[in-house]
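Below, read A as the first sequence line, B as the second, and so on, with proteins coming before strands; counting in each chain starts at 1.
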There are 2 protein chains.
Amino acid sequence: MESPARPAGLRADSARVRARMLAEARRLLDSGDTDLPMNALAKAAGVGVGTVYRHFPSNQALLEALAEPGYAALVAMARAAADDPDPAAGMTDLLRAALHAQLTDASLAAVLSTPGATCRSTRDLGQELGEAARRVLDRARAAGVVRPDVTPDDVRRLTCGIRHAVRSGGNLDDVDRYLEILVDGLRPRP
Amino acid sequence: MESPARPAGLRADSARVRARMLAEARRLLDSGDTDLPMNALAKAAGVGVGTVYRHFPSNQALLEALAEPGYAALVAMARAAADDPDPAAGMTDLLRAALHAQLTDASLAAVLSTPGATCRSTRDLGQELGEAARRVLDRARAAGVVRPDVTPDDVRRLTCGIRHAVRSGGNLDDVDRYLEILVDGLRPRP
DNA sequence: ACCTGAACACCGTTCAAGT
DNA sequence: ACCTGAACACCGTTCAAGT
């Protein structure tokens, strides 16, 4: 599994095919389909199934490749949150960014809710996100706005959970309310 | 779809087959399998697939039949919570019961996270649970321990979400912590 | 090297044929 | 009436055969 943007050592035509598959996969995922069948992608991209598997060794790997840009953007947001002069605002920003990213991008939601990563780059991004989240949490804890026992993995799991809560309802207008509930719930007990 | 406990107007042997299927389905589900394939159930129960479908018109209907006893127990818990002399304790009891039920019974988790019910009895139970939850919420709101805008459906969605958060981690020891976070988060903002 | 697509082992669901 | 199990349309994944 390589980066979606022009992996090194790949022939021009092969890179073109790969780009077309990723574009078509993104289109299928954004069309509302919750899952992304390999055979459906092959047909949509006009290639054989084997070609899909040559570039993405499994459905999970495909989702990770698709999620990578959004994942990187989320890491950037988390780092910015860690540098926010207001630790409480940084904390809220981190949660909001994580939740928004998952609600906007189904592939990112799938990757974040799955424990083990298939490709190296995804694992690296997870590591980086964890480190940024740790800094956000340390500062928020020092400022007394989060419980002492909250870990970066708690943030991951709870935002995944809130995503499910938001999506299992008709309207998505409850995002802000549920985000408030999560932020308040993470505050230290009085 | 009828009640799993001896539906009316069913021949003795048919009722026996139905009971065996439900018992085997329960066994499969508790064995850790997250989903319950109809063909696998047929093989395990020693019947043809058609027989499974004769009793349970779909996989969702099967899950609902399987969930019914637990669902009824949860409704009873919710009613008890509504009668708790302490409204705050009643609120916590409701959330704890809903969460515990979903973590213990995969079929109940599936049913609660699915919006529409296939069988009448499941829909009725959902109605009853909603009414009990409304009473719990009304009293908790009057006592000032929950936000004014929380609805019974919020409780359903959020407990489903917290279940996902609990399950997406290695250990299930975080139930109590996540429950605290949810209870605190539902408190009125200061 | 890279691609194709038939093929395998699974899903949920249906339905003609049996008792 | 009730049951059986082959069959259909799908999944993810593999691999011999082609360019």
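C:dG12 atom C1' lies 16 Å from atom NZ of B:K43, rounded to whole Å. A straight line from CZ of B:F56 to C1' of C:dT14 spans 18 Å, rounded to a whole angstrom. As a whole-Å value, the separation of B:H55 NE2 from C:dT13 C1' is 17 Å. Summarising the geometry, the separation between CZ on A:R16 and P on C:dC2 is reported as 13 Å, rounded to the nearest angstrom. Straight-line distance from the CG atom of A:L62 to the P atom of D:dC11: 14 Å, rounded to whole Å. Spacing between atom OH of B:Y53 and atom C1' of D:dG5 amounts to 13 Å, rounded to whole angstrom units. As a whole-Å value, the separation of B:L41 CG from C:dC11 P is 12 Å. For the pair B:R54 CZ and C:dA17 C1', the computed distance is 14 Å after rounding to whole Å.
Taking the side chain as every heavy atom from C-beta outward, A:T159 and A:L182 approach each other to under 4.5 Å. Considering only heavy atoms from C-beta on, B:L129 stays 4.5 Å or farther from B:L125 through its side chain.
With distances taken from any side-chain atom of A:N39 to the nucleotides C:dC3, D:dT13, C:dT14, the minimum falls on D:dT13. Checking C:dG5, D:dG12, D:dA6 against every side-chain atom of A:V49, the shortest atom distance belongs to C:dG5.
Across all strands shown, D:dA16 pairs with C:dT4; the Watson-Crick or G-U wobble distances both stay below 3.5 Å. Across all strands shown, C:dA9 forms no Watson-Crick or G-U wobble pair with both distances under 3.5 Å.
Residue A:N59 places at least one side-chain N or O closer than 4.0 Å to OP1 or OP2 of D:dG12.
If you check the side chains of A:D154 and A:T151, you find a donor sitting under 3.5 Å from an acceptor.
Each of A:M38 and B:T51 has a nearest nucleotide on DNA chain D; the 5'-most of these lies closest to B:T51.
Counting heavy atoms of neighbouring residues, nucleotides and ligands inside a 6.0 Å radius, atom CZ of A:R167 does not exceed 12 of them.
Taking all atoms of both residues into account, the shortest heavy-atom contact from B:H55 to B:V17 is CE1-CG1, 4.1 Å.
Here A:L36 lies in heavy-atom contact (under 4.0 Å) with sugar-phosphate atoms only.
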